[in-house]
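Some notes on the structure that comes next.
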2 protein chains.
Amino acid sequence: MSPRRSVAEALGTRSAILERGVAIASCEGLEGLTIGRLAADLGMSKSGVLGHFGSKEALQLAVLDRAGDVFRAEVWERARPAAPGLARLRAICAAWISYLERGVFPGGCFFVAAAHEFDGRPGAVRDSVEAGFETWRARLEKEARRAVDAGELPAATDAGQLVFELLGAAMALNHALQLHRDPLAVTRARQAMESRLGGVA
Amino acid sequence: MSPRRSVAEALGTRSAILERGVAIASCEGLEGLTIGRLAADLGMSKSGVLGHFGSKEALQLAVLDRAGDVFRAEVWERARPAAPGLARLRAICAAWISYLERGVFPGGCFFVAAAHEFDGRPGAVRDSVEAGFETWRARLEKEARRAVDAGELPAATDAGQLVFELLGAAMALNHALQLHRDPLAVTRARQAMESRLGGVA
DNA sequence: CCTACCGATCGGTAGG
DNA sequence: CCTACCGATCGGTAGG
């Protein structure tokens with residue numbers, strides 16, 4: 001039990017901190033994620049936790065990055081095997097709904113929560129959340145444009161409008177699941193997305 | 001400047017606390033609304049503030065009630081003169097978008113923020129937020145059913161589904177305005193709602 | 001990675 | 001409505 005650990009051990013510890021940090025922040029928010037709570041949960045000292053990041057803001061950014069890895073793996077990577085265009089857009093929507101329905105993050109979508117927590121507070125955390133959303137939005141819009149170009153969606157389709165409405169359905173689903181614990185919302189979200197993507201009701 | 005004030009003065013003080021509390025909580029969240037901050041802003045002592053409510057939770061509930069009064073006045077009361085059914089539903093949507101666009105609460109929709117902050121924390125605040133949303137949802141659904149019954153919307157319309165999609169559009173608008181400061185989203189939300197209400201694009 | 005601190009602030013109480 | 005407190009906890013630092 002020497003106080004100095006190897007590089008591999010340090011990386012393992014860092015990873016464990018982030019995993020626990022994502023779980024806590026998902027429920028309590030990124031500001032409610034305190035260094036003391038994290039240390040207590042992991043059986044470490046506060047300074048032992050903080051030493052891996054340097055400041056609370058750096059910890060928040062690292063936790064946000066880790067949550068982004070989870071979202072990408074659960075939604076984007078699951079849909080990537082599908083053919084570009086409408087098929088992939090449908091696969092993304094299915095994986096997105098599943099990600100919310102399964103409660104991958106116990107407190108609901110990590111990024112929607114972080115967006116509401118930080119949208120009024122300038123700083124690096126806010127910038128990171130905004131950039132993450134913009135990347136996601138652009139990725140969806142690209143698939144939508146491909147679908148239009150391939151004739152899979154009407155030529156008059158406004159890709160930006162389509163993505164706005166898909167985002168709205170995902171947000172309404174997240175809200176209904178987290179606040180009202182209403183599983184019927186899954187069907188509503190699916191129908192909202194499908195009616196936008198030209199599926200039959 | 002006697003320490004004991006009249007009943008009218010005490011009510012005025014309470015009202016001033018709530019007004020300031022709504023402004024702070026809109027940006028910092030209901031948990032970030034601290035008694036010390038409130039006291040400093042108002043030039044009062046902490047115990048002077050707390051005396052009006054008894055506990056922080058009671059303060060949060062009172063602030064939530066006050067915010068509900070604002071929402072009702074800004075959205076529901078503005079739309080109430082319209083005829084029941086589709087006309088009123090359209091008026092509600094217009095007032096709802098305007099409420100978000102004008103930034104009636106500086107931090108965006110108070111209730112969406114409160115929902116995300118408290119959906120994972122059981123208690124009276126969570127219950128109040130949930131009840132408020134359910135009341136609003138039911139009010140919208142009632143107008144939607146009236147519109148269907150009057151033949152203003154297709155007979156096959158699922159009122160619950162319609163309201164789900166209107167809520168999604170409002171949430172996507174709130175998100176785009178607060179996180180991305182994207183005024184184009186106003187047009188997107190209007191179009192999403194209108195296409196649901198049978199308007200021409 | 002630890003112990004042992006720091007000043008600031010939290011919600012809340014006692015007593016007037 | 002005030003002053004004067006309480007114990008707990010916050011983020012962070014010094015030094016090893």
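Quick note on labels: first sequence line is chain A, next is B, and so on, each numbered from 1.
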C:dG11 P sits how many Å from B:His52 NE2, rounded?
-> 17 Å
Check the distance between C:dG11's C1' and B:Arg37's CZ and give it to me in whole angstrom.
-> 17 Å
Could you state the NZ-C1' distance from A:Lys56 to C:dA8, rounded to the nearest angstrom?
-> 15 Å
Name the nucleic acid region contacted by A:Ile35, choosing base, sugar-phosphate or nothing; use a 4.0 angstrom heavy-atom cut-off, strictly under.
-> sugar-phosphate
Between A:Lys46 and B:Ser45, who's closer to the 5' end of DNA chain D by nearest nucleotide?
-> B:Ser45
Side-chain (B:Gln161) to main-chain (A:Arg188) donor-acceptor, under 3.5 angstrom | yes
Looking at D:dG12, C:dC1, C:dG12, which one has an atom nearest to any side-chain atom of A:Leu50?
-> D:dG12
Pair assignment for C:dC2, Watson-Crick or G-U wobble, requiring both distances under 3.5 Å | D:dG15
Please state whether the rings of A:Phe105 and A:Phe110 are parallel, tilted or perpendicular, taking 30° and 60° as the class boundaries.
-> tilted
Any side-chain heavy atom of B:Leu177 sitting closer than 4.5 Å to one from A:Asp119?
-> no
Residue pair B:Arg146, B:Arg88: steps toward the side chain to side chain contact (heavy atoms under 4.5 Å, CB included) verdict = CA-CA 10 Å; B:Arg146 276 176 173 163; B:Arg88 188 178 285 168; 3.3 Å; yes
Looking at A:Thr34, does any N or O in its side chain come under 4.0 Å of the phosphate oxygens OP1/OP2 on D:dT9?
-> no
Atom-pair distance (CG on A:Leu38; C1' on D:dC10), nearest Å = 14 Å
May I have the distance from A:Met44 (atom CE) to C:dT3 (atom P), rounded to whole angstrom?
-> 11 Å
Nearest whole angstrom, please: distance from the C1' of D:dT9 to the CG of A:Asp41.
-> 15 Å
Check the distance between C:dC10's P and B:Glu31's CD and give it to me in whole angstrom.
-> 12 Å
Touch class at under 4.0 angstrom, heavy-atom based, for A:Ser47 against every strand present | base
Would A:Glu74 and A:Arg78 pass as an ion pair if we require N to O under 4.0 Å?
-> yes
Figure out the CG/P separation between A:Leu30 and D:dG11, and round it to whole Å.
-> 12 Å
